[in-house]
Amino acid sequence: MLNNWIFVGIFISIAAVFPLLPIVLARLVAPRKPNTIKLETYECGMETVGDTWVQFKVQYYIYALVFLVFDIETAFLFPWAVAFDALPLFAVLEGVLFILILVGGLLYAWRKGALEWS
Amino acid sequence: MTVEQAVFFFTSFLILFSAFMMVTRQNLVHAALYLIVALFGVAVVFVLLDAGFLAVVQVLVYIGAIAILMIFAVMLTRGDVAREQEPVNAGFGWALMLAALFCFGLIILIGQWPAVNSQAAVLSADTNTVLDLGTALVSPDGYVIPFEVASVLLLAALIGALVVARPQKKNSGSVK
Amino acid sequence: MSFINDPITFLAAWITQFLSGFLPEVWVTFLVTLLGVIITASFGLVIVIFLIWLERKIAARFQDRLGPNRAGPYGLLQTFADMIKLITKEDVIPEKADKLTFNIAPILSVVAVLLIWAVVPFAPGWIGTDLNVGVLYIAAVGSFGILSILMAGWSSNNKYALLGAFRAVAQLISYEVPMLITLMVPVLLARDMGLMAIVDSQSLWYIALAPISAIIFMVSSIAEVGRTPFDLIEAESEIVAGYHTEYTGMKFGMFFAAEFLHAFTIGVLFSIFFLGGWRGPGAEQYRLLGVVYLMLKGLLGYFIVMWVRSTLPRIRIDHMLAFNWKFLTPISLALLIMTAILDKIFSATALRFPALLAGNVLVFVLGWLALRWASRRQTKERRVFKKRPVARPA
């Protein structure tokens, strides 16, 4: 089983090198003439005022949170799906119960307006 | 030294290095990125232990969800304030002593475990770990109660987090 | 196993034998694996060149024009011309940008897409590596792509890039939920997470057993790539800024290439999970035919993506997220529950196909009715508005 993962390890290294080659080539070939205007931050041609910060919008956090809960749910459900043949119907219903409990969570979030992009 | 050992040593060094960098960076987003490297190292350790499923779940859940959550939290709240933080404060000495105590205590405790020097049992080539995990998770004499309790726990976490983080309803004008 | 039937296995055995003559075993495995990796990764990258040309031609035909036809016959060398142009552009890094993160982000974006090709089964027996957790591996690798967007947006030191990156990440993580849930349906039907096993067990293509899941997988994959109608990510590039505003030259080229490769990859994944992968007449005997079938089905998926792109307008972000959380997620969960219960009852019987099909139709009808009820309720809310007097000049 480890041999499979060695392939992935080598793949990561090679796959990291492949996009590096054109970028390095570009670094060799392309002109480099930095001047102050080019190095400024782009803001549709106007000057930036103040530091870079973003208005705190809690909605991003809530979406990430709900995604986290469903991510963990699917991580639990994948072994259940793989072991399907070895499970009696009762065990399948247990998995369905697991899903339904989290559907309840989704409904709660829905009703409380947590899924609105206001 | 086998290939496995070499990979393990390299990965351990990577994890320790990025964990150290994570706690000493002043820029919080850099710290979060070093955390991601450390979590990826843990996933590699899972692979070395023949737990491929746990490795991908580690990347999927920790790096794909929790790290992103943390980065959101950092980027949305701290902004540039993080750049002026002091890395150590007055309680540094006590914290260092406590951490060293805990670390050495843990090492001694694990060293006294009888199986610490034995080889891990080699799985036969046709054990399907995911299948065994799935059967164990929902079999009545397996882990079915913790399985269902886990879902209730996730539900409680979701509801709790939403109660805390929910946008406050404005009083002027009705927001449907 | 002759050369015609199974070229790659034959060549691999021949090379292994040749190298074992003068190298220790570990090195032989390493070199053969390295060769396999280079072939698979190069395949992915070389195909991007063809894909960009194909995309421009087909998008042009949808818009009743010709597309590139100057550079080379039928414009085939257009991509090379674009690459040369991008290589010779100056690489501008904004002043206060975070150098390391800024440079890593495009590379991570390409790596995330290329890693998917390590588990794609090209033909029976030809696969980069048959991980027993292939499906979750694909999802995990996708999360690296999401990280690269966050890194790109933040390191540009540009508040619009950061905002664009946040919205892009919100979209991507939202649509990952129905994608994961609908990915569980083929895993359930095949009882295995490895992609080779999923294709092997598709004597009846899964699109017949789970059509609605296939559609939801396609929709959420299109949203994952960031194509119209979900291309808020790109739109922000045109209008205000996007997460890759500050990128010039080849780094932008890497983001660009990663997006096209990702679009084709989801076409290939769709064909693996729902259209039977390399399955086709004669594929078991002549392995090369399996590759041909997979590529054809992948191109069909890619064509569907481009077709949808040329047809539908862009969706606003609140509509998009509401569509995901309030429609796609409940429907995909309902489909999963229905598939699980019905498959347990009817599996290994002849009734499997009609039962699952009936279940899918039932969920589809229920979803349709739910949508109609919801839209009627919304119309009722809209009609509550009182008519206001029209402004007239005094």
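Not measured: the values here are computed from a predicted model. Each chain gets a letter, A, B and so on, in the order the sequences are listed, and its residues count up from 1.
Scanning all heavy atoms of the two residues, the minimum distance from B:L69 to A:L65 falls at CD1-N, 3.7 Å. Counting all heavy atoms, side chain and backbone alike, B:F72 lies closest to A:A64 at CD2-CB, 3.9 Å. Shortest non-hydrogen contact noted between A:A109 and B:L162 is CB-CD1, 3.4 Å. Contact record, B:G52 with A:W5: CA-CZ2, 3.7 Å, taken as the closest heavy-atom pair. Taking all atoms of both residues into account, the shortest heavy-atom contact from B:A73 to A:Y61 is CB-CE1, 3.8 Å. When all heavy atoms of A:D71 and B:A65 are compared, the pair lying nearest together is OD2-CB, 3.8 Å.
With a 4.5 angstrom heavy-atom cutoff, B:A157 does not touch chain A via any of its atoms. Contacts of A:L93 with chain B are absent, with no heavy-atom separation under 4.5 Å from either backbone or side chain. In this structure, chain B has no heavy atom under 4.5 Å from any part of A:I99. Residue A:F90 touches chain B through its side chain alone, counting heavy-atom pairs closer than 4.5 Å. Of the atoms belonging to A:L87, it is side-chain heavy atoms, and not backbone ones, that fall under 4.5 Å from chain B. When heavy atoms are compared at a cutoff of 4.5 Å, B:F147 approaches chain A by way of both its backbone and its side chain. Residue A:F67 touches chain B through its side chain alone, counting heavy-atom pairs closer than 4.5 Å.
To the nearest 0.5 Å, atoms OG (B:S151) and CD (A:E94) are separated by 11.0 Å.
Within 6.0 Å of CZ on B:F8 lie no more than 12 heavy atoms contributed by other residues, nucleotides or ligands. Other residues, nucleotides and ligands contribute only 12 or fewer heavy atoms inside 6.0 Å of the OH atom of B:Y62. Within a 6.0 Å radius of CD1 in B:I145, other residues, nucleotides and ligands contribute 12 heavy atoms or fewer.
Put simply, of B:I159, B:T135, B:V57, the one with the most heavy-atom pairs under 4.5 Å next to chain A is B:I159. Of the listed residues (B:L60, B:V7, B:V152, B:I68), the greatest number of heavy-atom pairs within a distance under 4.5 Å of chain A belongs to B:L60. Contacts with chain B were tallied for A:V82, A:L77, A:V66; A:V82 has the most, counting heavy-atom pairs under 4.5 Å. The candidate from B:V44, B:L154, B:L137 with the greatest count of non-hydrogen atom pairs under 4.5 Å with chain A is B:L154.
The side-chain heavy atoms of B:E148 and A:I101, taken from C-beta on, include a pair separated by under 4.5 Å.
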Test log, rule side chain to side chain contact (heavy atoms under 4.5 Å, CB included), inputs A:F76 and B:V138: CA-CA 11 Å; A:F76 270 107; B:V138 281; over 6 Å; no

Begin from the C-alpha positions of B:L158 and A:Y108 and carry the test side chain to side chain contact (heavy atoms under 4.5 Å, CB included) through to its verdict. CA-CA 9 Å; B:L158 178 64; A:Y108 174 83; 5.9 Å; no

